[in-house]
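We name chains A, B, ... by the order of the sequence lines, and we start the count at 1 in each one. Excluded from the calculations below are hydrogen atoms, water molecules and symmetry mates; all remaining heavy atoms, backbone and side chain alike, are included.
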Amino acid sequence: MSQAIAPEKNGSVPYEQSRLYSLRHSAAHLMAQAITELYPGVKLSIGPPIENGFYYDVDLDEPIKESDLTAIEKKMKELAKLDQAITCKKAQDREDAKRIILEDCTLGQGEHTAEYKLQLLDAIPDGDDIIFYEQGRTDRAGNKHYFIDLCRGPHLPTTKEIKYFKLMSIAGAYWRGNVNNKQLTRIYGTAFETQEELDNYLYVLEEAKKRDHRILGKQLGLFMFSQRVGSGLPLWLPKGTTLRETLTDYLKKEQLERGYQGVITPNIASSKLYEKSGHIITYKDKMFPFMEDEDNNTFILKPMNCPFHIEIFANALRSYKELPIRLAEFGTVYRFEQSGELAGILRARGFTQDDAHLFVTPEQLEEEFIGVVKLTMDVLKKLGLTNYRARVGTRDPNDTKYVGGDENWKLAQEAIENACKSMDMDYDVSEGDAAFYGPKLDLIIKDALGREWQMGTIQVDYNLPERFELEYIGEDGNPHRPIMIHRAPFGSLERMIGLLTEHYSGAFPFWMSPVQIAIIPIADRHIEYAEKLKKDFKEYRISIDSRRETLGKKIRENQIQKVPVMLIVGDKDIENNTVGVRSREDGDKGAISIDSLKEFLESV
RNA sequence: GCCCUCGUAGCUCAGUGGUAGAGCACUUCUUUGGUAAAGAAGAGGUCACGAGUUCAAUUCUCGUCGGGGGCUCCA
């Protein structure tokens with residue numbers, strides 16, 4: 001299990017200061033104590049509380065399985081009941097702390113078990129307090145139990161108060177989050193104040209799984225995967241395609257109104273294009289394998305659209321009067337994501353970006369950036385997504401993957417922050433989350449299971465124009481370098497549709513629904529009337545359910561398909577020129593005249 | 001890619017060291033019905049794939065492929 005659903009709020013106290021937070025922290029210690037008793041010689045590393053529980057990373061000689069968690073839970077219960085007091089102990093100095101780690105924390109299981117704790121000690125800055133928490137007691141049989149851990153705290157006063165917990169899953173996690181380090185075993189658990197809260201959490205988790213876009217995508221006939229087609233390569237079914245086209249039509253219209261021009265570029269290109277852009281250096285192993293022709297020319301399945309749009313810009317000698325040039329394309333790209341990174345259509349190997357690149361003068365940058373932010377916010381509002389956060393991704397100064405000079409990076413970052421400030425937008429700055437060619441503003445939303453996904457992104461880029469030596473002729477008659485803005489309000493069609501599916505539990509708003517209206521003739525003799533109705537309302541996406549099934553069954557199935565409006569037609573309707581209206585949300589609304597139906601549909 | 005976990009009919013899922021079952025869906029027949037599942041019959045599976053252990057494997061072991069939860073990563 002991971003960070004899921006919503007953080008538990010305890011009145012107005014921030015989670016980090018809540019009793020629940022301490023409870024989970026203590027539960028992590030209790031689990032570590034149980035593990036040291038069951039698996040002597042285990043090396044402990046870190047064990048913090050997280051959004052919906054806690055984990056502990058341990059280094060075991062023998063791999064453990066999920067079925068072993070029961071035994072650990074049982075041991076935890078025993079140790080909790082001992083009512084071990086949990087007390088804080090401050091080391092005198094660094095030497096003293098080292099002694100405590102080597103002598104006490106190892107619990108007599110050998111100094112090698114202190115490997116990670118010693119590294120953690122080294123990471124504590126000079127002058128900071130070095131604190132330990134210990135717990136212990138002798139049980140009725142006379143066995144001594146003891147545990148001490150380097151830890152900032154806080155904790156509950158006694159293990160007796162850790163009652164309602166559950167170990168959830170096992171995962172691998174690299175020591176200090178670095179792939180080059182050893183992979184440790186991470187055990188996830190959760191803990192609550194009451195049994196009811198724990199049960200409720202598990203229930204909510206089950207319910208959330210039903211909202212999973214992969215399940216709904218199958219139920220609603222939106223998309224599929226096939227083992228024969230390959231991993232991470234979705235196939236769009238008719239209804240999913242309709243939904244997708246509805247979204248692209250909407251965005252195309254918005255973009256047209258805002259001065260964008262559509263372009264179309266190929267799905268493969270010479271590797272030279274990506275050598276020039278710098279993508280090959282950074283991403284070679286994350287692209288699909290290269291193709292080679294008889295003359296040893298190498299081609300690449302396109303992992304992104306920017307270099308193509310750059311070529312289009314560079315195709316003519318540009319005047320400042322033409323700028324800004326806004327080139328838009330729903331461009332399908334292919335990235336060879338690691339198998340473990342795939343997640344339905346939220347993360348696929350082939351996906352379509354609602355991409356555009358703006359080529360602007362320095363004077364236009366801020367206004368254009370703000371224009372793009374506005375477009376993105378308008379789009380998200382139209383889609384009904386409001387619960388997102390903004391993140392400014394900046395460069396990690398210690399990482400070498402970034403291209404371009406310091407001055408360009410500084411300018412680009414200032415442009416983004418200025419635009420955000422002038423729009424009064426709240427954002428977090430996240431170091432190391434920039435694209436390799438420039439900083440970016442990302443909009444992030446959570447899925448059904450509480451995992452965060454990047455949707456829209458806006459990037460300011462001084463570097464690719466430099467690499468491709470892009471120019472326009474300024475008012476002064478001299479060549480100048482344009483600045484690029486990369487942007488995608490949806491991010492990708494696939495991810496956006498996945499997120500929308502979970503957001504709405506598949507019950508899409510009327511305007512987006514693949515099937516907006518299902519007309520249900522009661523008997524065969526009513527089909528003709530249904531077809532006439534469909535013709536009269538051809539501006540809507542209508543299906544006629546003319547199967548020879550009972551009315552109840554057809555209603556049930558269209559309801560499960562989350563069709564927003566059903567129109568039931570029978571003898572009475574033909575006679576009176578009416579339809580029986582049934583809404584997805586409100587159920588049966590009774591018969592209304594065809595004229596009122598027009599009004600009704602406009603109000604949905 | 002790594003750690004854990006799963007893979008039985010189109011779908012959702014039971015089940016077993018002696019080659020398989022339910023509900024829904026599908027086909028046919030009866031039923032033409034007014035707001036969340038009409039009735040009956042039929043058909044449908046190399047139990048993901050490959051190898052090993054065994055007299056015997058869908059069941060146990062290993063490998064491959066695919067899915068899921070994490071880690072890393074996401075231009």
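- Close to B:rG39, at under 4.0 Å from its OP1 or OP2, lies no side-chain N or O of A:K553.
- Phosphate proximity of B:rU72 to A:R176: absent, as no side-chain N or O sits under 4.0 Å from OP1 or OP2.
- Base contact: A:D571 has a heavy atom under 4.0 Å from a base atom.
- Within the 4.0 Å cut-off from OP1 or OP2 of B:rA37, not a single side-chain nitrogen or oxygen of A:K554 is found.
- In this structure, A:K589 reaches neither bases nor backbone, as no heavy-atom distance under 4.0 Å exists between it and the strands shown.
- The shortest distance between the side-chain N/O atoms of A:R556 and the OP1/OP2 oxygens of B:rU35 is not below 4.0 Å.
- Across the interface with RNA chain B, nearest-nucleotide mapping of A:R547 and A:G587 shows A:R547 to be the residue nearer the 5′ end.
- Residue A:T185 is classed as having no contact, given no heavy-atom separation below 4.0 Å to the nucleic acid.
- A donor-acceptor contact under 3.5 Å is formed by the side chain of A:R347 with the base of B:rC74.
- Within 4.0 Å of A:A173, counting heavy atoms only, lie sugar-phosphate atoms of the nucleic acid but no base atom.
- A:D573 comes within 4.0 angstrom of a nucleotide base, judged by non-hydrogen atoms across all strands.
- A:R584 has no side-chain polar atom (N or O) that falls below the 4.0 Å cut-off from OP1 or OP2 of B:rA36.
- Within the nucleic acid shown, A:G344 comes within 4.0 Å of sugar-phosphate atoms alone, with no base atom in reach, counting heavy atoms only.
- Remark: A:R24 fails to qualify as a cation-pi partner of A:F54 under the 6.0 Å distance and 45° angle criteria applied to the six-membered ring.
- OP1 or OP2 of B:rC65 has not a single side-chain nitrogen or oxygen of A:R228 nearer than 4.0 Å.
- When atom types are taken as modelled, the side chain of A:K589 and the backbone of A:G580 share no donor-acceptor pair closer than 3.5 angstrom.
- Residue contacts for A:K302: at a heavy-atom cut-off of 4.0 Å it reaches no nucleic acid atom on any strand shown.
- At the heavy-atom level, A:K65 lies under 4.0 Å from the strands shown only through sugar-phosphate atoms.
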(request) Please assess A:F313 against A:H357 for the test ring-ring contact (aromatic ring centres under 6.0 Å, His included), listing each intermediate value before the final yes or no. (result) CA-CA 10 Å; A:F313 178 88; A:H357 295 91; over 10 Å; no
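- Taking atom C1' in both B:rG1 and B:rU54, one finds a spacing of 36 Å when rounded to whole Å.
- Across all strands shown, A:R186 has heavy atoms under 4.0 Å from sugar-phosphate atoms exclusively, and none from any base.
- The phosphate of B:rG69 (OP1 or OP2) has no side-chain N or O of A:S169 nearer than 4.0 angstrom.
- Nearest-nucleotide positions on RNA chain B for A:Q338 and A:G570 put A:Q338 closer to the 5' end.
- Note on A:R525: only backbone sugar-phosphate atoms sit closer than 4.0 angstrom, heavy atoms only; bases stay farther off.
- When the side-chain nitrogen and oxygen atoms of A:T550 are compared with OP1 and OP2 of B:rA38, one or more of them lie within a distance under 4.0 Å.
- Contact of A:Y174 with B:rG70 (side chain to base): no donor-acceptor pair of N or O atoms is detected under 3.5 Å.
- Using a 4.0 Å heavy-atom criterion, one finds that A:Y437 contacts the sugar-phosphate atoms exclusively.
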